[in-house]
Amino acid sequence: MKILGIEHIGIAVEDTENRSPFWEHVLGINRTTTEIVEHEGVKTDIYNTGKGKVELLKSISDDSTIEKFLNKKGEGIHHVCFEVDNIKQAIIELKEKNISIVSENPSIGAEGYKIVFIHPKSTGGVLVELAEKTT
Ligand code: CO
């Protein structure tokens, strides 16, 4: 697989409105999109530095993974996302190497990216997302 760079860092927040001023006004990073990802039960606010993004993740569903994460660990870094050139190829390679992935097939995440998550047990405790741009 070919990693093209760090795409974003996903951060779980209780409330995006409380947390946005730090990213937007203290660090001065432009918010580029706000999007509901219905099947994951989250609202995402994306801030783009131009060299990697910050994705604030707020739960909008009681059984979302972000809700569970917040209940267990509180606010903070939830995952790190790397951009890949070909996600299907990446999944094949991960399976060949017995790396534990959260789903066998890519799903559609924020910004329409094709995404897959690698289980923290295979990475030393970090939830890793791989994403392929679709446009
Ligand atoms: Co993400």
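Because only heavy atoms are used, hydrogens play no part in the values below, and waters and symmetry mates are left out as well, while side chains stay in. Whatever order the structure lists them in is the order used to number ligands and atoms, beginning at 1.
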Point to revise | Note: E17-K58 ion pair, threshold 4.0 Å (strictly below) | key: no
Practice item. Just say parallel, tilted or perpendicular for the rings of W23 and Y47, cut-offs at 30° and 60°. Key: tilted
Exercise for review: Examine H79 and say whether one of its N/O/S atoms is closer to the Co ion (ligand 1) than 2.8 Å.
Suggested key: yes
Check your understanding: Taking side chain as C-beta onward, heavy atoms only, is T123 less than 4.5 Å from H119?
Key -> no
**Study point:** 4.5 Å side-chain heavy-atom contact, H78 and E55
**Key:** no
Practice item. Check the pair K88, E132 against salt bridge (Lys or Arg N to Asp or Glu O under 4.0 Å), reporting the backbone distance first and the verdict last. Key: CA-CA 9 Å; K88 287 215 162 124; E132 179 191 332; over 6 Å; no
Study note, to complete from the structure: Restricting E55 to its N/O/S atoms, the closest one to the Co ion (ligand 1) is OE1
Point to revise | Whether H8 has an N, O or S atom under 2.8 Å from the Co ion (ligand 1) | key: yes
Practice item. Answer yes or no for E7: is there an N/O/S atom below the 2.8 Å cut-off from the Co ion (ligand 1)? Key: no
Check your understanding: How is the N/O/S atom of E129 that comes nearest to the Co ion (ligand 1) named?
Key -> OE1
